[in-house]
Q: 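Here it is: the structure, laid out below.
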Amino acid sequence: MEILSQNRCFGGVQTVVRHRSDVCRCSMTLGVFMPPQAEERPVPALWFLSGLTCTHENAMTKAGLQAHAARHGLALIFPDTSPRGEGVADDDAYDLGQGAGFYVNATQAPWRGHYQMYDYVVKELPALLESEFALNGVHGITGHSMGGHGAITIALRNPDRYRSLSAFAPIVNPTRSDWGRKQLSAYLGDDEAQWAAHDASLLLEEAGWKGDILIDQGAADQFLDLLRPEAMAEALARTRQPSVLRLQPGYDHSYFFVASFGEDHVRWHAERLASA
Ligand SMILES: N[C@@H](CCC(=O)N[C@@H](CS)C(=O)NCC(=O)O)C(=O)O
């Protein structure tokens, strides 16, 4: 693991590291923020999965989460959104290929050789980071847009691994959206039965979530028709899932929206992760 940069930040340290990923079979870059409390004891980790077109850097530099994480003693993990590199398959569209891994394990050519983002986030990266940073093995997960989709689907499928869950403007019904159908068909193939395990609304109806869920959604989000928050609202109501789903008036899809509600989300996770 190679340290690319290290900056003092709100009394903690923001590090960017590069490492060789065995599951994605390429070099991967990510951000890790360690709060000041980590100098005294291992701390819980909050994962932030980012959206389409993002690298590890967007949320790390634009969401302003470090100030809140430093106050609550949480580490922040900012993974990349896909494998990258010259030898890695890509597409001209911004919403497929590099920058758009959708947090699934691709089974189809030409993607399957590198696009294993589900295993990367759920298995490879936690093991690596727990051996390299002062983490206590307690994890919460959140994310924005495609990353909100990743956060909800990954948590619902791994309830023993994640203790707390939230999302910002998540893609919640990809099997019924152009932000989903195209990518799930490319990465997983045309058998739609394989897609359901990566659809937050369908998964919620099937598996539920052991705790409560916080979701913020801008009511003026330019991508509302693709995100389909109404599908999640229906699933939450039908399953009587403890949750807070807020439609925030006037807010769009940008990181200005994420930054505006970041404090609430970090507190939400801190309250649930501290009781470990
Ligand atoms: N570029 C796309 C939208 C991409 C987009 O909005 N990506 C969101 C996540 S889905 C994002 O976080 N972009 C990077 C940023 O704002 O820093 C378009 O114009 O249709």
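For ligands, and for the atoms within them, numbers begin at 1 and follow the listed sequence. Since the structure is predicted, the reported quantities are computational estimates derived from the model, not experimental observations.
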Q: Would you mind running through ligand 1 and noting each atom that sits below 4.0 Å from a heavy atom of Tyr255?
A: 12 (O), 15 (C), 16 (O), 17 (O)
Q: Taking side chain as C-beta onward, heavy atoms only, is Leu226 less than 4.5 Å from Ile171?
A: no
Q: Among all protein heavy atoms in this structure, tell me which lies nearest to atom 10 (S) of ligand 1, with the distance rounded to 0.1 Å.
A: Ser145 OG, 2.9 Å
Q: Nearest to atom 2 (C) of ligand 1, what protein heavy atom do you find, and at what distance?
A: Tyr94 CE1, 3.4 Å
Q: Go through ligand 1 atom by atom and flag the ones less than 4.0 Å from a non-hydrogen atom of Asn58.
A: 14 (C), 15 (C), 17 (O)
Q: Taking the ring centre of each residue, are His149 and Phe102 less than 6.0 Å apart?
A: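 Between His149 and Phe102, the centre distance is under 6.0 Å.
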Q: Using non-hydrogen atoms of the residue, decide whether Cys54 is closer than 4.0 angstrom to ligand 1.
A: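 Right, Cys54 reaches ligand 1.
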Q: Please report whether atom 19 (O) of ligand 1 has a protein non-hydrogen atom at a separation of less than 4.0 Å.
A: no
Q: Asn105: what forms a side chain to side chain donor-acceptor pair (under 3.5 Å) with it, not counting sequence neighbours?
A: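 Side chain to side chain donor-acceptor pair (under 3.5 Å) list for Asn105, sorted by chain: Asp119.
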Q: Under a 4.0 Å threshold between the charged nitrogen and the carboxylate oxygen, would Glu263 count as salt-bridged to Arg71?
A: yes
Q: Which atoms of ligand 1 are found less than 4.0 Å from any heavy atom of Lys62?
A: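 What qualifies from ligand 1 is 15 (C), 16 (O), 17 (O).
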Q: Could you list the residues that satisfy side chain to side chain donor-acceptor pair (under 3.5 Å) with Asp212, not counting sequence neighbours?
A: Arg272
Q: Short list, please: which atoms of ligand 1 are under 4.0 Å from a heavy atom of Gly51?
A: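 Atoms satisfying the 4.0 Å criterion: 9 (C).
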Q: Between Arg84 and Asp80 (salt bridge meaning N to carboxylate O under 4.0 Å), is one present in this structure?
A: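 Result for this pair is yes, salt bridge flagged.
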Q: Would you check if the distance from the ring center of Tyr251 to the ring center of Phe261 is below 6.0 Å?
A: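 So the answer is yes for these two rings.
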Q: Do me a favour and list the nearest non-hydrogen protein atom to atom 13 (N) of ligand 1 with residue, atom name and distance?
A: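 Ranking protein heavy atoms by distance from atom 13 (N) of ligand 1, first comes Thr53 OG1, 3.5 Å.
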Q: Answer yes or no: does an N/O atom from Leu52 fall short of 3.5 Å to an N/O atom of ligand 1?
A: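 Yes - when backbone and side-chain N and O of Leu52 are compared with those of ligand 1, one distance drops under 3.5 Å.
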Q: Can Arg176 and Asp199 be counted as an ion pair, charged N to O under 4.0 angstrom?
A: no
Q: Taking only heavy atoms of Phe223, which atoms of ligand 1 are found under 4.0 Å from at least one of them?
A: 3 (C), 6 (O), 20 (O)
Q: Determine whether the side chain, the backbone, both or neither of His144 has a heavy atom under 4.0 Å from any heavy atom of ligand 1.
A: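 The part of His144 near ligand 1 is the side chain, not the backbone.
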